[in-house]
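Worksheet: one structure, shown below.
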Amino acid sequence: MAGSLSEKAPSPSPTPEAKAAPSPSSRASSHGNSTDDAPTLGANHKKAVGSPNPLDLEKADSKVLVAPKPTDDDPFKHLPDSVARVLKDQVFTPTVKIGIATLYRYASRNDLLIMAGSAVAAIASGAALPLMTVIFGNLQGTFQDYFQFKLSYDDFTSQLGHLVLYFVYLAIGEFVVTYIATVGFIYTGEHVSAKIREHYLESCMKQNMGFFDKLGSGEVTTRITSDTNLIQDGISEKVGLTLAAIATFVTAFIIGFVSYWKLTVILLSTVVALLLVMGGGSRFIVGSSKQNIGAYAEGGTVADEVISSIRNAVAFGTQDRLAKQYDSHLARAEGFGFRVKGGIGVMVAGMMLILYLNYGLAFWMGSRFLVDGEVPLSKILTVMMSVMIGAFNLGNVAPNIQAFTTAIGAAAKIYSTIDRDSPIDPSSEGGEKLEHVQGTIRLQGIKHIYPSRPEVVVMDDVSLVIPAGKTTALVGASGSGKSTIVGLVERFYSPVEGSIYLDDVDISTLNLRWLRQQIALVSQEPTLFGTTIYENIRHGLIGTKWEGESPEKQQELIHEAARKANAHDFVSSLPEGYQTNVGERGFLLSGGQKQRIAIARAIVSDPKILLLDEATSALDTKSEGVVQAALEVASEGRTTITIAHRLSTIKDAHNIVVMSQGRIVEQGTHNELVERRGAYYNLVTAQAIAAVNEMTAEEQEALDSKEEELLIRKASTQNKQPETGGAASYADDPDDNIAAKLNRSTTQKSISSMAAAGRQKEEPVKYSLWTLIKLIASFNKEEWKLMSIALIFSIICGLGNPTQAVFFAKLISSLGVPINDQTIPQIQSDASFWSLMYLMLAIVMFIAFATQGIIFAKCSERLVHRVRDLSFRTMLRQDVEFFDRDENSAGALTSFLGTEATQVAGLSGVTLGTLLMVTTTLIAACTVALALGWKLALVCIATMPIVIGCGFFRFWMLAHYQRRSKRAYAGSASFASEAITGIRTVASLTREEDVLRQYKESLAIQQRASLKSVLKSSTLYAASQSFMFLAFALGFWYGGTLIAKFEYSMFQFFVVFSSVIFGAQSAGSVFSFAPDMGKASEASRELKTLFDRKPLIDTWSTDGAKVEAVDGRIEFRDVHFRYPTRPEQPVLRGLNLTVSPGQYIALVGASGCGKSTTIALLERFYDPLAGGIYVDGNEISSLNVNEYRKFIALVSQEPTLYQGTIKDNILLGAPHEVSDEQVEFACKEANIYDFILSMPDGFNTVVGSKGALLSGGQKQRIAIARALVRDPKILLLDEATSALDSESEHIVQAALDKAAKGRTTIAVAHRLSTIQKADIIYVFDQGRIVEHGTHTELMRKNGRYSELVNLQSLQKNR
């Protein structure tokens, strides 16, 4: 975004990032700041060394770079204080200290009241769980009294009825309070975070451009999308859950101490043990998990490096070696991942161990207190169960604490923006508004530095008068400060020295919003917003006197503006006319159409000042004429500042200002400047002669129709009716005839789509679940023995619960006998025996859980490792076209490797184990229950679905809340991000309030919708919390009636009841541990699609003729080509080109004319649509692609080095084993040998990520050495020196000239000085060759080539 207005000057700051990606424009720079300077940040530090002796080229670029120190302490150090202060103001952001209370800064009084109510409800809901244990204990006491004949039948049934009713009351109470707490907290959380979102966007709308340049629009949008979600996460239902868990813990221990304090104190040991297990376990897990993430991040870096430079990997055929490198990181990550998952498995096992030991301890100690007559059995049961519930609830607090800390961290970032005072604030009411505007603009002594690039002075002491009502044109090379003038007049930035006057009033004293309403801006890349054409033009009326007018009047103005902008006709011919939605960022319209709508938007308010920033440069010749005509109409009678690259468009301007390097070189009218024979004259003559060779509109038409013929012939054999074109006058934009387009059977769209149809569109294939499971199982084939062992242990784990139920019932029935001297020895021996059985069970369960946990951890990590490895290899197998698609950017593919591969584990052995465990538990529980007492068993089994459902839904709902809140705000977030990405357009239209209003509306709609969904979904959650009690009530009531009739003994009752109900409970909660199966099947579907994709140009295939040797004779015969991702954009249109063996040819031309495409086609990254490419008379698509590429070497604009040593990087070029001598020879040829030897580690010097520790020139020469190690027959140089500064350029150029000897060389160059020695220079224009010859011949012709040379000499104009 910053690139569209800020001048494209280089950034010489020697931070590793800056060097990793030299700015594409640095070629316009003539600063001698080679990155090999010792990294000092000085103002324009030039080399102190004078230019090195030309013979001594090897040593020139060989300064060793010390790893640069981070220079972010104060980037403005080198500037005088007054200047630094202006810049700091524009980027400074305060840091905000934040506590829990600050999160609720925007809560209204109602919010606080609702929260207080919800907090009370949450505490109550937590307290209800342990109360159940009291009822449970009392019921057991009632049963015991009845069996010991202390109660009559009637007393028993009335007591039973009472206690069972308590369960029902508890259920109702729990339902109500849980519902209130959940809804309350989610509502306030949404409300408060929506307020934060509003304030944040409002604050963003106030900020100055410097703030966005520093942050980047991406970061601003992530904050509004993900960071606000994190805050909402921390202030919504999690607060309620935490309060409830703490309340449960406290209540449980209060009940325990009240019932019988001694036993409670003894059982406190379980809490300590649990905390130790969980604390120790999580420390180990977090530690390993960090290392695992670290190891995988390194792998991710490798993957990212490789995918982002995929052309290099393909060209050199290094996919396999790079995949091995990636795999070595995966192997490390697998080790740590195994420790993480194994750790979790052992931790779960430890919890099981403690659970069963707790039962044993409670009954054994309890039996001693019982025998001493200190306490009845019912109290022992109450204490034991409440301690357990309390202890396990503490575990629920930890994960939520993390959510709170994350929320506070996220809030700190967001609040720091909200609290930032913008130095240029469009919302302020301050500043004067002039009654009457003439429109004279005067710049006086302007010096400007962009705050995001403090090292570069963009404008230096510029004074200029722009008279009212006249057109002033600015011309000059890119980076000369033209667009900066526009940015300063709009007050996007403040100049560091000097002032700008409007009608002799300093604009910094004027009201900013009023100022921007007087000015209309049309920029190079127009930003349209995702609404209708009508609304887009109406945005121009905001803040003017017509904003409040009647819709009829507005419509009249809008249609009038569209007519002036030459847009009315094409808009009216659209099916929906002005109500057509333009899509996000206007991508449904062609460039010329967007540009004309932007012009209509600019002139609809009849502004006094019109700024045109290269308004036509992004258009093709056809649309340009149309738009240019519209602009000339628009600028009549206004103060117009226009910036143009094509000089023909500005010759009528009243004043033409020629700029170079931030200064004004000359100014005057077209005729005056031509007479002066200065810089402007050279440009004009060159462009004029070149124009002779340009295609006329008719030729262009003819060529287009020929192309379409070709494409159609290629795509189908359908015969095409001749188009009825008639006499089309020049001013029609061919895209406009939409009505005709809709009727024609074969339209331009369908032509390109037919060509593309020849390349089949990939249909998403539907795979059955079985196919996916087979796919995943195939990754774990080798571990099947281990897996079977783990599954057996899963079954043992599942048997734990029913076994425990038998022990529990045995203990209750043996402790429930009347106590006297005869029974005591028996009670003691029984209690000891069964307590020891618990000890045994605890140990068995620990072993079983730990074993299956560890084995599954091993298998699932192996699985993830193999999936990632194969996915990466499959990605590298794809052709370049695959990586051109938007959805396959380096970031997307890297994160695919990171996330999809891990999610697949959800369908692997672990899930299978969990399911086996649950089924075993349920089957065993039912079997035991039915065998011992079928009547009660059937009643209890009837409640099973409810109990399991409760356990499952409780976790499912919590996950659902998180998903819902993320989804709900996606719509408004994309609206906000659209506004922020187009912040300059928003600012220049003064649309800030309008954006905020729409954003608030969309938030309000979402809040209403989500409130409805929460009201519904919370009933489910509340039910899952409370229905447990109803199941208990039913079981006790029916069991009680059976006991009353003496049908069942206490033993039978407790076995049946606890095995079925507790079994179902544990089965339900086990689901929470199961990884997400939905995500897993989704991920495996995507993997299957990836694995099944066969690229058109397949590097795995062995087809095609073998290539033994290559002479290097290259021929392009009538090649037509369009990029598969942009089929509507013709790139090569009938290219013919012949290169003899050993020739050095150069391709030159404006950007986008097809030079680099030619090189891509030679490397066979793509196949041409029509025509053929022949090497030594063989068409290259008939050769084996790997064999063929062995004879070619590519040196591209951005040299790609991978992490590793210099030697590793050079060896990547070699298709087979090479000796050290060959490596050394290649390095000498590339002028880098001496530099490598001068490093302390020589060839083993590490280059850092993407070669960040080397300078641009050094990296480029290593890339040349890598190319030469192949000993290629054909050498392709794609702008190999364009990203370097002039000094490194000489050295690299010398290396290239040396390398080209005796090889067929094709060089693409932007800097023409580098290719003057070429045997033949081919000049490209719009995908064909317009001139060719040697440098001298072409200069004599004085055509397109000579124009390019002159343009560049103006840029250099030192």
Side-chain angles (χ1 to χ4, degrees), residues 517 519-583 585-613 615-616 618-619 622-638 640 642 728-742 982 985 988-991 994:
Q517 278 156 7
I519 303 177
L521 168 68
V522 181
S523 57
Q524 183 174 355
E525 288 283 310
T527 307
L528 298 184
F529 297 96
T531 165
T532 59
I533 294 180
Y534 184 84
E535 281 297 314
N536 264 303
I537 301 180
R538 222 196 84 213
H539 287 154
L541 293 173
I542 290 171
T544 58
K545 52 179 184 282
W546 294 290
E547 188 175 15
E549 281 283 350
S550 66
E552 292 74 35
K553 174 76 177 138
Q554 288 193 346
Q555 179 166 0
E556 192 182 311
L557 284 165
I558 287 170
H559 287 196
E560 186 48 41
R563 273 196 194 86
K564 274 192 192 157
N566 203 338
H568 182 71
D569 298 342
F570 96 78
V571 176
S572 310
S573 67
L574 290 166
E576 293 169 26
Y578 281 88
Q579 295 309 311
T580 309
N581 196 320
V582 299
R585 307 218 182 99
F587 72 95
L588 301 179
L589 300 173
S590 76
Q593 294 168 340
K594 276 202 290 202
Q595 199 56 285
R596 280 177 288 165
I597 290 173
I599 293 169
R601 176 174 69 188
I603 57 181
V604 70
S605 61
D606 192 27
K608 277 280 175 271
I609 300 167
L610 187 60
L611 306 177
L612 306 173
D613 186 359
T616 61
L619 308 179
K622 293 188 274 191
S623 336
E624 189 189 4
V626 186
V627 174
Q628 190 54 42
L631 287 174
E632 278 162 19
V633 177
S635 60
E636 273 165 31
R638 311 175 204 279
T640 309
T642 163
S729 69
Y730 134 84
D732 281 351
D733 182 334
D735 288 347
D736 289 355
N737 196 351
I738 294 178
K741 263 194 190 176
L742 294 173
T985 312
S988 68
L989 293 170
T990 62
R991 249 199 85 195
D994 184 46

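Keep in mind that this is a model prediction, so the values were computed, not measured. Only heavy atoms go into these numbers, but all of them, side chains included; no hydrogens, no water, no symmetry mates.
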Should I542 and L989 be marked as a side-chain contact (heavy atoms from CB on, under 4.5 Å) after you check the CA-CA gap, both sets of side-chain angles, and the distance that decides it?
-> CA-CA 7 Å; I542 290 171; L989 293 170; 5.8 Å; no
Hey, is the main chain of [Y] close enough, under 3.5 Å, to the side chain of [X] for a donor-acceptor pair?
X	Y	result
N536	F529	yes
Q554	E547	yes
R596	A565	no

Can you tell me how far apart [atom1] ([X]) and [atom2] ([Y]) are? Round to the nearest 0.5 Å.
X	Y	atom1	atom2	answer
T531	H539	OG1	NE2	6.0 Å
T580	I597	OG1	CD1	8.5 Å
Q593	L528	CD	CG	10.5 Å
T985	R601	OG1	CZ	6.0 Å
Q555	S550	CD	OG	10.0 Å
S635	L612	OG	CG	7.0 Å

Atom of [X], atom of [Y] and distance for their closest heavy-atom approach:
X	Y	answer
V522	A602	CG2-CB, 3.6 Å
A561	I603	O-CD1, 3.9 Å
I519	P607	C-CB, 4.4 Å

Apply side-chain contact (heavy atoms from CB on, under 4.5 Å) to R638 and D606, showing your working.
-> CA-CA 9 Å; R638 311 175 204 279; D606 192 27; 2.7 Å; yes
R538 and side-chain contact (heavy atoms from CB on, under 4.5 Å): which partner among T532, I533, I558, D994?
-> I558
Fit a plane to each ring of Y578 and H568, take the angle between them on a 0 to 90° scale, and name the class: parallel (under 30°), tilted (30 to 60°) or perpendicular (over 60°).
->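 Because their plane-to-plane angle lies in the 30° to 60° range, the rings of Y578 and H568 count as tilted.
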Can you check whether V604 reaches L541 side chain to side chain, under 4.5 Å on heavy atoms?
->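 Heavy-atom side-chain distance check passes, below 4.5 Å.
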Could you go through the side-chain contact (heavy atoms from CB on, under 4.5 Å) check for L611 and I609 one step at a time?
-> CA-CA 7 Å; L611 306 177; I609 300 167; 4.0 Å; yes
